Amino acid sequence: IIGPGSQFIEQIGKALNANGMLTIDHGQANAGLVYIDNLLDYMLWAATAEAALNETYNVRDHYDVSWSEFINRLQSLTNNSSRVTNLSFRFAAFAARAFERSYSVCGIQREPPLHALLVSMFGKTCGHSAEKIRRASGFSSRVDFDEAMARSAQWLQQTITENT
């Protein structure tokens, strides 16, 4: 979920500022993004629509955006020129297992910098079809990718400025 207040946007921003951002397999996987206002539109529809009763839906915005396109756009909009490291899926999965084991053996309670969920999220498509909910609701993304990213980046820059 992207947009102002998004913990996801904030974490990506922090990773970029610390030169700790990575892509897996050059960020080719679909990011499956949904802007908060668009998500709320779908949720409100599903909460009140007879057609949604007993149904299960995937929700994401109508546009296809890769992880690398998302990261590049966020960098561009926030004037961030940090280095983004690329790992192969196979190496990232191996490194994640090693981090997870090390943290477990050492009793470290915080999240490791790389773990299986991150590898899965950034290395495999998150762009599952949301055609079912679009068809049932008649909605498309009210806020498009460019506007969603502009609002997200503006909020991120404001948050960074306030925290410095």
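All values derive from a computational prediction rather than experimental measurement. Side chains are part of it too, since the values below use all heavy atoms of this structure and drop only hydrogens, waters and symmetry mates.
In this structure, Ser66 and Gly27 approach most closely via the heavy-atom pair CB-O, 3.2 Å. Counting all heavy atoms, side chain and backbone alike, Ala31 lies closest to Cys126 at O-CB, 3.3 Å. Between Pro4 and Tyr35, the shortest heavy-atom distance links the atoms CD-OH, 3.4 Å. Minimum heavy-atom separation, Asn86 to Asp25: OD1-N, 3.5 Å. Leu114 and Ala95 make their closest contact through CD2-CB, 3.8 Å (heavy atoms, listed as atom of the first residue, atom of the second, distance). Heavy-atom minimum distance, Trp155 versus Gly5: CE2-N, 3.1 Å.
For residues 100-111, there are no salt bridge (charged side-chain N to carboxylate O under 4.0 Å, His left out) pairs, not counting sequence neighbours. Within the structure, every pair that satisfies the salt bridge (charged side-chain N to carboxylate O under 4.0 Å, His left out) test and touches residues 63-88, not counting sequence neighbours, is listed here: Arg60-Asp64, Arg73-Asp146. Sequence neighbours left out, not one pair with a member in residues 91-113 passes ring-ring contact (aromatic ring centres under 6.0 Å, His included). Applying the side chain to side chain donor-acceptor pair (under 3.5 Å) test to every pair with at least one member in residues 3-15, sequence neighbours left out, gives no pairs at all.
Using modelled atom types and a 3.5 Å distance limit, the side chains of Gln158 and Glu162 yield a donor-acceptor pair.
Counting only distance, with no hydrogens or angles, the side chain of Thr78 and the backbone of Leu74 share a donor-acceptor pair below 3.5 Å. In this structure a side-chain-to-backbone donor-acceptor pair under 3.5 Å is present from Ser82 to Leu16. Put simply, the side chain of Ser120 never gets that close to the backbone of Ala116: no donor and acceptor are under 3.5 Å apart. Checking side-chain atoms of Asn72 against main-chain N and O of Ser68 turns up a donor-acceptor pair under 3.5 Å.
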**Request:** Take Asn17 and Asn80 through the side-chain contact (heavy atoms from CB on, under 4.5 Å) test and state the conclusion after the steps.
**Result:** CA-CA 7 Å; Asn17 286 336; Asn80 181 303; 2.9 Å; yes
**Request:** Would you check, one step at a time, whether the test side-chain contact (heavy atoms from CB on, under 4.5 Å) holds for Ile24 with Val119?
**Result:** CA-CA 7 Å; Ile24 297 176; Val119 172; 4.1 Å; yes
**Message:** Please evaluate residues Val65 and Asn30 with respect to the criterion side-chain contact (heavy atoms from CB on, under 4.5 Å), reporting the C-alpha separation (whole Å), side-chain torsions for both, the decisive distance (0.1 Å), and the verdict.
**Reply:** CA-CA 6 Å; Val65 175; Asn30 187 321; 5.6 Å; no
**Prompt:** So Ile36 and Ile2, side-chain contact (heavy atoms from CB on, under 4.5 Å) or not? Walk me through it.
**Reply:** CA-CA 6 Å; Ile36 185 63; Ile2 62 173; over 6 Å; no
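Within a 6.0 Å sphere centred on CG of Leu118, other residues, nucleotides and ligands contribute more than 12 heavy atoms.
For Arg151, the salt bridge (charged side-chain N to carboxylate O under 4.0 Å, His left out) partners are Asp37, Glu147, not counting sequence neighbours. With sequence neighbours excluded, no residue forms a salt bridge (charged side-chain N to carboxylate O under 4.0 Å, His left out) with Lys124. Remark: Gln28 pairs with no residue by the side chain to side chain donor-acceptor pair (under 3.5 Å) rule, at least two apart or across chains. Remark: Phe122 pairs with Trp67 by the ring pair (Phe, Tyr, Trp, His ring centres under 6.0 Å) rule, at least two apart or across chains. Listed by chain and number, the residues in a side chain to side chain donor-acceptor pair (under 3.5 Å) with Asn58 amount to none (sequence neighbours excluded). Considering only residues two or more places apart in sequence or on other chains, Lys132 meets the side chain to side chain donor-acceptor pair (under 3.5 Å) condition with Glu55. With sequence neighbours excluded, no residue forms a side chain to side chain donor-acceptor pair (under 3.5 Å) with Ser137.
Separation of atoms CG (Leu87) and OG1 (Thr23) is listed at 7.5 Å; rounding is to 0.5 Å. His115 NE2 to Met121 CE: the interatomic distance, rounded to the nearest 0.5 Å, is 8.0 Å. Separating the CZ atom in Arg134 from the OG atom in Ser129 is a distance of 6.5 Å, to the nearest 0.5 Å.
Tested against Ser141, the residues Asp61, Leu39, Leu33 include a single side-chain contact (heavy atoms from CB on, under 4.5 Å) partner, Asp61.
Aromatic pair Phe70/Phe8: ring centres closer than 6.0 Å.
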Report all side-chain donor-acceptor pairs from residues 40-48 shorter than 3.5 Å, counting only partners two or more places apart or in another chain.
unit_1	atom_1	unit_2	atom_2	d
Asp41	OD1	Arg142	NH2	3.1
Asp41	OD2	Arg142	NE	2.9
Asp41	OD2	Arg142	NH2	3.2
Thr48	OG1	Leu44	O	3.0
Thr48	OG1	Trp45	O	3.4

